[in-house]
Amino acid sequence: MNAVLKPSEYLMQGIPAQFVEHFWPFAEPYIKRALDHAHGEFSAADFKRSCMARDLQLWLISKEKRIFGAITTEIVMYPHRKHCRVITLAGSNFAEWIALADTTLDAWATEQGCDALECYVRKGLVPRLAPLGYKHGHSVLLKELQHE
């Protein structure tokens with residue numbers, strides 16, 4: 001995975017599967033923050049296992065030896081297309097590094113032969129990602145079922 005570095009600015013780096021265990025304490029708070037907006041489908045431990053198994057990719061955003069955010073992605077194969085899906089995205093100083101995250105993921109997804117990036121995000125992130133070229137594709141509604 002590629003990293004983009006500008007002197008004394010943010011760095012985004014893909015974490016190889018064999019190093020996920022080492023970097024997980026830095027990523028986990030951000031993964032948990034993203035999961036606060038989910039519905040209990042996954043735990044942070046599920047994401048850790050999937051990153052270690054190479055089913056998901058873990059990305060960290062840092063600046064001057066401090067972690068500011070974490071992103072998880074997966075490659076999704078549709079019958080006629082290949083997408084890089086952003087599953088979790090959370091961090092501090094979001095506006096300062098989201099453009100870097102976008103260009104880094106664009107480049108990496110292109111290297112993987114993907115046709116598009118897709119993001120599962122909470123409603124509040126839709127307007128924040130629109131300036132980067134993202135548009136609302138569809139919404140997912142959820143109704144909890146009562147089991148007797």
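- Follow the hydrophobic side-chain contacts under 4.5 Å out from F19 and you reach L56 in the same cluster.
- The shortest side-chain heavy-atom distance between H80 and Y78 does not fall under the 4.5 Å cut-off.
- A chain of hydrophobic side-chain contacts below 4.5 Å, direct or via other Ile, Leu, Val, Met, Phe, Trp or Tyr residues, connects I98 to V126.
- F42 CZ: 12 or fewer foreign heavy atoms inside a 6.0 Å radius.
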* Begin from the C-alpha positions of L60 and Q13 and carry the test side-chain contact (heavy atoms from CB on, under 4.5 Å) through to its verdict. => CA-CA 6 Å; L60 293 177; Q13 188 165 4; 5.8 Å; no
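- The shortest distance between side-chain heavy atoms of F94 and L125 falls below 4.5 Å.
- Under the 30°/60° scheme for interplanar angles, the aromatic rings of F23 and F26 are found to be tilted.
- The two residues Y134 and C119 have their closest heavy-atom pair at CE2-SG, 3.6 Å.
- Looking only at side-chain heavy atoms (C-beta outward), T73 and W108 come within less than 4.5 Å of each other.
- At a cut-off of 3.5 Å, with distance as the only test, no side-chain donor of T103 or D106 sits close to an acceptor on the other residue.
- The backbone N or O of G69 lies less than 3.5 Å from no partner atom in the side chain of W59, so there is not a single donor-acceptor pair.
- Counting only heavy atoms from C-beta outward, the side chains of W24 and I31 approach each other to under 4.5 Å.
- Salt bridge annotation for R33-D36: absent, with no cationic side-chain nitrogen under 4.0 angstrom from a carboxylate oxygen.
- Here the shortest heavy-atom pairing between C84 and C114 reads N-SG, 3.7 Å.
- With rounding to the nearest 0.5 Å, the separation of CD1 in I87 from CD in Q57 is 8.0 Å.
- At distances below 3.5 Å, at least one donor-acceptor pair connects side-chain atoms of Y30 with backbone N or O atoms of I67.
- There is a path of hydrophobic side-chain contacts, each under 4.5 Å, that joins L132 to I71.
- Screening R85, K82, K135 for a salt bridge (charged side-chain N to carboxylate O under 4.0 Å, His left out) with E118, the sole residue that qualifies is R85.
- With contacts defined as side-chain heavy-atom distances shorter than 4.5 Å, the pair I75/Q112 qualifies.
- Without hydrogens or angle criteria, S43 side chain to D46 main chain gives a donor-acceptor distance under 3.5 Å.
- In the model, Y10 has a side-chain atom that pairs as donor or acceptor with a side-chain atom of N93 under 3.5 Å.
- The two residues A70 and I61 come nearest to each other via the heavy atoms N-CD1, 4.2 Å.
- With a 4.5 Å cut-off on side-chain heavy atoms, E28 and K48 do not count as touching.
- Counting heavy-atom neighbours within 6.0 Å of R54 CZ, excluding the residue itself, gives a total of 12 or less.
- In plain terms, the two heavy atoms of A38 and E41 that are nearest each other are CB-OE1, 3.6 Å.
- The OG1 atom of T88 sits 13.5 Å away from atom NZ of K32, with the distance rounded to the nearest 0.5 Å.
- Counting heavy atoms from C-beta outward, D102 and L117 have side chains that approach closer than 4.5 Å.
- Here the shortest heavy-atom pairing between M12 and T104 reads SD-CB, 3.8 Å.
- Considering every non-hydrogen atom in both G14 and P16, the closest pair reads O-CD, 3.4 Å.
- A donor-acceptor pair is defined here as one N or O able to donate and one able to accept, closer than 3.5 Å; no such pair exists between the side chain of S50 and the backbone of D55.
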